[in-house]
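Not measured: the values here are computed from a predicted model. As the structure lists them, so they are numbered: ligands from 1, and atoms in each ligand from 1. All residue numbers refer to positions in the sequence shown, counting from 1.
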Amino acid sequence: MHMLKDPRLVRQLAYVNGKWVAGNDGQDEAVIDPASEDTIGRCAQLDSQQIEQAIDAAHAAFPAWRALSLDARSVILNTWHDLLLENKEDLARLMTLEQGKPLDESRGEIDYAASFIRWFAEEARRAYGDTIPSHIANAQLGSVREPIGVAALITPWNFPCAMITRKAAAALAAGCTVLVKPAGETPFSALALAELAERAGFPSGVFNVITGEPQMVSQVLCASDKVKALSFTGSTRVGRLLLQQAATTVKKCSMELGGNAPFIVLPDMDVEQAAQAAIDAKFQTTGQDCLAANRIFVHRSLYEPFLAAFARRMGELTVGSGLVRGVNQGPLINAKAVAKAQELVDDAVTQGARLLVGDQAQAPGRNFYMPTLLADVTADMRVYREENFAPVAGVLAWDDLEQLISQANDTEYGLAAYVYGYDMRQVWRLLRGLEFGMVSVNSVKMTGPPVPFGGVKQSGLGREGSRHGLDEYSQIKYYCLGNLPSASGS
Ligand SMILES: NC(=O)c1ccc[n+]([C@@H]2O[C@H](COP(=O)([O-])OP(=O)(O)OC[C@H]3O[C@@H](n4cnc5c(N)ncnc54)[C@H](O)[C@@H]3O)[C@@H](O)[C@H]2O)c1
Ligand SMILES: N[C@@H](CC=O)C(=O)O
């Protein structure tokens, strides 16, 4: 922490109603650097009464925030955006310390996080309603969009800034006030965002970061009638629980959940290009990415050359602390994640997968998992069925396009899919046949503010980013102005 240029960005207290708040009775929890396993700080743990107080503060701040002009809200959002970029180096370092990802990836995430703020500061100006041709005599019909109210935003540790800004910027721009509950592993990035939000001029109670025991916090948020929207990014398992909890007060729910992305290589694809793209799609964020290629399907005619090219290119992966220059594979978030990766690999090898690359004896620490390549993966293996969230690549061969589509769709998940190849007929068939919310053809990069990000099936509900991102935080009010003189047909 002493390495930051601006030490005031390191906040260990929650941020509620414009104040830094300690847990009642001084409750706090250690935050660990997953690379060194050192404690880098402690984070306040609020109790249920304090969560209620935070909800009250956000609720009280809502009328004045929604009443501000769009221009005034945009100015504050744009200032927040600029502050993120001005403090990029510190924010990136903080992220690497608590999350583990290589510093360059953290810098990239700060740019990415900031880009959503600028996007929604502009997009809110285009939150149009409708005029509706009237079927009622002498009436004018239409609709306007209104902010939904207090929004609770619960976020994961793998993208500690961007998953917050993609939600918060949309909610704030729409006129909502927010309560952010970051993951316990990565609270400091969220609290640094709060420090910058304060400097940007958000009025007290508009942007709050509440830290505490996850189940208790979500129960209090979900039980409160003052919280009108719940936006969650995280695992499908927890998403299901939250949907049940939110049902009691019928909240508007947006769910960005797990993935099990197929990466499909068509027979006309260049093997080296496909192998590099698959490496990028698999190993970004050390495999801890909801978009990570989880099942790599390669046409049988290219299968062995692809495996050879993939294995050779894995030699360029360097494992170590994210703070060290040249490292592109950081630690996993904790030892539990390492144990899960090992279980999946063991299960696959026991069931006949070939272990082509991967030697855990080389791991530089308890929380590191060495990049691993498994060939001849089958649908019975856990590595195929589960989101592995680790640098473990499972590859299999395919022969028939229709069979491939059924195989790729044979998962409860439906977030993202990749297709590599140029035969338009095959590409189009896949694009329409794959049951995934996002399909990217010949590009690993697919995300960004203009994109409607989200999944189908049990990967989620709703869309973030794009013009649709505002929908999660606004509601349509229809109006009928009746008994007007000579309005009919005009
Ligand atoms: N679709 C997307 O946009 C997207 C983006 C990033 C991550 N993810 C998914 O997130 C998962 C990894 O993140 P994670 O391990 O932090 O997920 P997680 O579901 O364990 O935790 C996410 C959030 O929920 C909280 N939480 C955990 N258990 C809870 C409970 N029982 N009740 C209430 N809250 C609880 C956590 O503290 C955290 O804030 C992966 O499945 C990944 O695919 C999805
Ligand atoms: N990489 C994703 C986050 C998933 O973990 C994104 O861009 O939103």
Would you mind telling me if ligand 2 is within reach of the side chain of Thr285, the backbone, both or neither, using heavy atoms under 4.0 Å? neither
Can you see whether Phe116 has Lys167 sitting over its ring - NZ or CZ less than 6.0 Å from the centre and within 45° of the normal? no
Looking at Phe453, does the NZ or CZ of Arg166 lie under 6.0 angstrom from its six-membered ring centre and within 45 degrees of the ring axis? yes
Quick check against the 3.5 Å criterion: does Asn208 have a side-chain atom that pairs as donor or acceptor with the backbone of Asn17? yes
Protein heavy atom at shortest distance from atom 1 (N) of ligand 2: Asp289 OD1, 2.9 Å
For Tyr420 and Phe263, run ring-ring contact (aromatic ring centres under 6.0 Å, His included): C-alpha distance rounded to whole Å, both residues' side-chain angles, the deciding distance at 0.1 Å, then the answer. CA-CA 8 Å; Tyr420 268 73; Phe263 184 104; 5.0 Å; yes
Has ligand 2 got any nitrogen or oxygen that is less than 3.5 angstrom from a nitrogen or oxygen of Gln288? no
Report the nearest protein non-hydrogen atom to atom 7 (O) of ligand 2: residue, atom name, distance rounded to 0.1 Å. Tyr112 OH, 2.6 Å
Run the numbers on Cys43 and Thr211 for side-chain contact (heavy atoms from CB on, under 4.5 Å), then give the verdict. CA-CA 7 Å; Cys43 177; Thr211 48; 3.6 Å; yes
So that I can tick it off, tell me whether Asp104 and Arg107 are bridged by a salt bridge, with the cut-off set at under 4.0 angstrom between side-chain N and carboxylate O. yes
Salt bridge or not for Glu472 and Lys252, using N-O below 4.0 Å? no
Could you tell me which atoms of ligand 2, counted from 1 in the order shown, lie closer than 4.0 angstrom to a heavy atom of Cys290? 2 (C), 3 (C), 4 (C), 5 (O)
At what distance is the nearest protein heavy atom to atom 8 (O) of ligand 2, and which residue and atom is it? Arg166 NH1, 2.8 Å
For the pair Glu412 and Arg385, find out whether any cationic side-chain nitrogen is under 4.0 Å from an anionic carboxylate oxygen. no
Report each N/O pair between ligand 1 and the protein that falls under 3.5 Å, naming both atoms.
from     : atom 1 : to     : atom 2 : distance (Å)
ligand 1 : 1 (N)  : Leu257 : N      : 3.4
ligand 1 : 1 (N)  : Leu257 : O      : 2.8
ligand 1 : 3 (O)  : Arg166 : NH2    : 3.4
ligand 1 : 10 (O) : Gly234 : O      : 3.4
ligand 1 : 15 (O) : Trp157 : NE1    : 2.9
ligand 1 : 16 (O) : Trp157 : NE1    : 3.1
ligand 1 : 17 (O) : Ser235 : N      : 3.4
ligand 1 : 19 (O) : Ser235 : N      : 2.8
ligand 1 : 19 (O) : Ser235 : OG     : 2.6
ligand 1 : 37 (O) : Lys181 : NZ     : 2.7
ligand 1 : 39 (O) : Thr155 : O      : 2.7
ligand 1 : 39 (O) : Lys181 : NZ     : 3.0
ligand 1 : 41 (O) : Glu387 : OE1    : 2.7
ligand 1 : 43 (O) : Glu387 : OE1    : 3.4
ligand 1 : 43 (O) : Glu387 : OE2    : 2.5

Once you restrict to heavy atoms under 4.0 Å, what part of Thr447 touches ligand 2? Side chain, backbone, both or neither. side chain
Here the side-chain hydrogen bond (donor to acceptor under 3.5 Å, both in side chains) pairs for residues 77-88, sequence neighbours left out, are Lys88-Asp111
With a 4.0 Å cut-off, would you call Glu343 and Arg382 a salt bridge? yes
Indicate, as side chain, backbone, both or neither, the part of Met163 found under 4.0 angstrom from ligand 2 when only non-hydrogen atoms are considered. side chain
